[in-house]
Each structure stands twice: as structure tokens, then as C-alpha cells.
Amino acid sequence: MKFLMCDPKFYDVFYSINPWMKIENKPSNSLAVEQWNKLVELLRSLGATVEVMEGKSYLPDIVFTANAALMIGNTAYLANFTHPERRPEKELYTVWFNLNYYETTEVVDFFEGAGDALFDYNRHLFAGYGFRSSKGGLLYYMNFCSQMGSIPVHYVQLVDPYFYHLDTCFCPLKDGFALAYPPAFSEESFATIKKYMDVIEVPEQDAKRFACNAVCLGNKVVIPSGCPETYERLSQFRYEVYDTDVSEFIKAGGACKCLTLRLDEFA
Ligand code: ARG
């Protein structure tokens with residue numbers, strides 16, 4: 001398994017584009033770097049390959065590489081960021097993809113990559129909309145996917161501004177299970193999820209500590225620390241759970257999964 005991450009040297013909070021970001025509650029950069037290094041070490045110790053790209057001083061959110069693109073095979077379907085603050089990231093991601101022999105493709109409308117578009121283990125695509133990705137942008141995917149043949153796409157509507165990306169409230173796991181925080185979805189959308197997956201519900205307290213923002217490596221699941229019930233529930237379902245402190249990144253509204261982009265999920 002291969003992930004793209006971005007050096008957190010310039011990570012900071014100096015604008016606010018989601019309810020978690022408060023300029024008066026700045027992260028400690030040195031602690032963030034420490035937490036990021038530990039996450040890299042943990043992923044590598046679990047057998048993952050981690051590629052690291054450079055950041056830029058004026059792009060504090062570029063560490064959240066999940067938003068760079070949706071990867072299908074060797075192609076990166078590039079994000080179109082909703083907020084002007086993040087739009088310049090696209091160029092840097094594109095350069096990295098091209099230098100590393102990935103194809104890049106443009107998408108119409110707003111779209112925030114693997115933050116809002118997640119594959120489950122049956123290779124169905126769950127596409128979140130409502131805050132950062134528009135259904136229009138995702139519709140393009142549906143066309144693309146049906147052109148490809150057989151990737152079913154399920155749209156799910158996000159309704160809580162604290163859970164503005166699909167990966168903040170939903171995480172498909174191995175063998176048809178998923179972590180999810182029900183209040184983040186419209187009723188109909190949560191019913192859609194339940195139709196296709198066995199949901200392990202995450203309680204509010206854990207959800208607010210980004211329990212759903214987990215990285216899955218087969219049976220191994222890496223979650224943010226401070227989510228005891230989720231830890232317990234995952235263990236009951238025989239997942240091997242690892243937790244790691246990402247407190248400084250939560251101050252920008254992101255955690256473990258947001259900091260990684262799986263490069264070979266659909267290879
Ligand atoms: N501050 C970033 C933003 O608001 C956090 C992105 C989190 N990424 C994610 N995949 N959920 O865009």
C-alpha cells in the first residue's frame with residue numbers, strides 16, 4: 001500500500017474555512033511535525049510505503065493530501081477546491097503527480113478528491129456532497145465510471161458543517177463494514193450507506209475527535225487517539241486497531257486519513 005503525504009514544515013492555521021479552524025487557536029508546528037512523523041513511522045511499520053512531497057509556506061492546508069485527487073488506477077482526478085485559500089495547492093499536486101508518472105485529469109465543478117470520494121471493499125464509490133464537492137462535479141465521475149464499465153456510485157449528502165468532508169464521518173473498512181457518524185448525513189443518505197455496508201456507529205464524542213478519519217491497511221485500522229469507544233468497537237469486530245495523537249491537525253479540521261492519499265487503492 002502506497003500513500004502520499006506532505007511535509008508539515010509550513011502547517012499552520014491562519015485562515016478559517018471550516019468550523020474547527022480558529023485563528024486564535026493555532027496549532028504548535030513543532031508538535032504537529034512530531035505527530036506527523038509518528039504517523040509516518042506507524043504507517044511504515046504496518047507495511048505501507050509513504051511518499052512525501054514538499055509543502056509551501058503560503059499553503060498551510062496542503063498537508064491534507066487526501067484532498068489532492070481521487071486516484072483510479074494510474075490517474076489522479078484532480079480536486080477543484082471550493083475555497084480560494086486552497087486553490088493554489090492544485091498546481092503543486094499536479095507537478096508531483098506528473099513527476100511521479102501519474103496521469104492527471106481535470107474534473108468539472110467543485111470536487112475535493114479522496115476527502116469526499118471513498119471506495120468500499122466492493123469497489124463501489126461513495127461520493128459525498130453538500131459542503132466541498134458539488135453533485136455536478138461528482139456527476140462527472142458517474143459518467144466516467146459508467147464509461148469505465150462497472151463502478152457503481154452512491155451519492156451521500158452531508159448536512160453538518162463540522163463534518164464537511166465525507167472522510168470526517170465515514171470510513172469503509174475491510175469486509176463490508178464501515179465506521180460512520182449517522183447525524184452527519186441526511187436520513188436518506190444514511191439509509192443508502194446502511195443498504196450497502198454493515199455500519200459500526202461512532203458516538204458523538206469520538207466523532208468529534210475524528211474517529212471516522214481512519215487509515216485502513218487491510219485488517220489494520222489507524223485512528224486518532226482519544227476515541228475509546230471506537231477503539232473498543234473495532235476491536236470487537238476483530239480489527240487490529242492502532243491509535244496516534246493528531247491533536248494539532250484537528251485544529252484545522254483534519255486527522256489521520258486527511259493527512260494521507262492512498263495512491264494504489266484502485267490500481
Ligand atoms: N483545513 C482543511 C480544509 O478545511 C482540512 C482538510 C481536511 N481534509 C479532509 N480530507 N477531511 O480544507
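First listed ligand is number 1; within each ligand, the first listed atom is number 1. Treat the numbers as computed from the prediction; the structure is a model and nothing was measured.
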Task: Name of the residue among Phe170, Phe163, Tyr162 meeting ring pair (Phe, Tyr, Trp, His ring centres under 6.0 Å) with Tyr181 - done: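 Testing Tyr181 for a ring pair (Phe, Tyr, Trp, His ring centres under 6.0 Å) against Phe170, Phe163, Tyr162 leaves exactly one candidate, Phe163.
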Which atoms of ligand 1 have any heavy atom of [X] under 4.0 Å away?
X	result
Met21	1 (N)
Gly253	5 (C), 7 (C)
Thr168	11 (N)
Arg132	3 (C), 4 (O), 12 (O)
Gly115	10 (N)
Asp61	1 (N), 2 (C), 3 (C)
Ile17	3 (C), 4 (O), 12 (O)

Task: Audit row: Lys90, Glu106, salt bridge (Lys or Arg N to Asp or Glu O under 4.0 Å) steps and yes/no - done: CA-CA 11 Å; Lys90 183 173 182 177; Glu106 292 288 334; 2.7 Å; yes
Task: Single hit among Arg262, Glu265, Glu51 for side chain to side chain contact (heavy atoms under 4.5 Å, CB included) with Lys2 - done: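 Between Lys2 and the candidates, side chain to side chain contact (heavy atoms under 4.5 Å, CB included) is satisfied uniquely by Glu51.
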Task: Option from Val221, Leu43, Leu46 for which side chain to side chain contact (heavy atoms under 4.5 Å, CB included) with Tyr242 holds - done: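 Testing each of Val221, Leu43, Leu46 against Tyr242, the sole residue satisfying side chain to side chain contact (heavy atoms under 4.5 Å, CB included) is Leu46.
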Open item on the list: When you measure from the heavy atoms of His83 to every atom of ligand 1, does any distance fall below 4.0 Å?
Closed with: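 The answer is no, since His83 has no heavy atom less than 4.0 Å from ligand 1.
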Task: Nearest non-hydrogen protein atom, atom 9 (C) of ligand 1 - done: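 Result: Cys258 SG, 2.9 Å.
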- [ ] Could you tell me the residue and atom name of the protein heavy atom closest to atom 10 (N) of ligand 1, and the distance to it rounded to 0.1 Å?
- [x]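 Among all protein heavy atoms, the one nearest atom 10 (N) of ligand 1 is Asp167 OD2, 2.8 Å.
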Heavy-atom nearest neighbour of [atom] within options [options]:
atom	options	answer
atom 1 (N) of ligand 1	Ala252, Ala68, Cys212, Ala66	Ala252
atom 12 (O) of ligand 1	Arg86, Glu112, Glu89, Glu85	Arg86
atom 5 (C) of ligand 1	Tyr164, Trp20, Phe249	Tyr164

Task: NZ/NE/NH1/NH2 to OD/OE distance under 4.0 Å, Arg44 and Glu41 - done: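 Between Glu41 and Arg44 there is no salt bridge, as every charged N stays at least 4.0 Å from the carboxylate O atoms.
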TODO: Answer yes or no: does an N/O atom from Asn67 fall short of 3.5 Å to an N/O atom of ligand 1?
DONE: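 In this structure, Asn67 places an N or O atom under 3.5 Å from an N or O of ligand 1.
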Open item on the list: Just verifying a value: how many Å separate Thr244 OG1 and Leu259 CG, rounded to the nearest 0.5 Å?
Closed with: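 That separation rounds to 10.0 Å.
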Task: Between CG on residue Leu166 and CG on residue Asn213, distance to nearest 0.5 Å - done: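 With rounding to 0.5 Å, CG (Leu166) is 10.5 Å from CG (Asn213).
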Open item on the list: When you compare the side chain of Lys257 with that of Phe210, does any pair of heavy atoms fall below 4.5 Å?
Closed with: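 No - every pair of side-chain heavy atoms lies 4.5 Å or more apart.
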Open item on the list: One pair to check against salt bridge (Lys or Arg N to Asp or Glu O under 4.0 Å): Lys208 and Asp206. What are the steps and the verdict?
Closed with: CA-CA 5 Å; Lys208 292 198 160 151; Asp206 286 11; over 6 Å; no
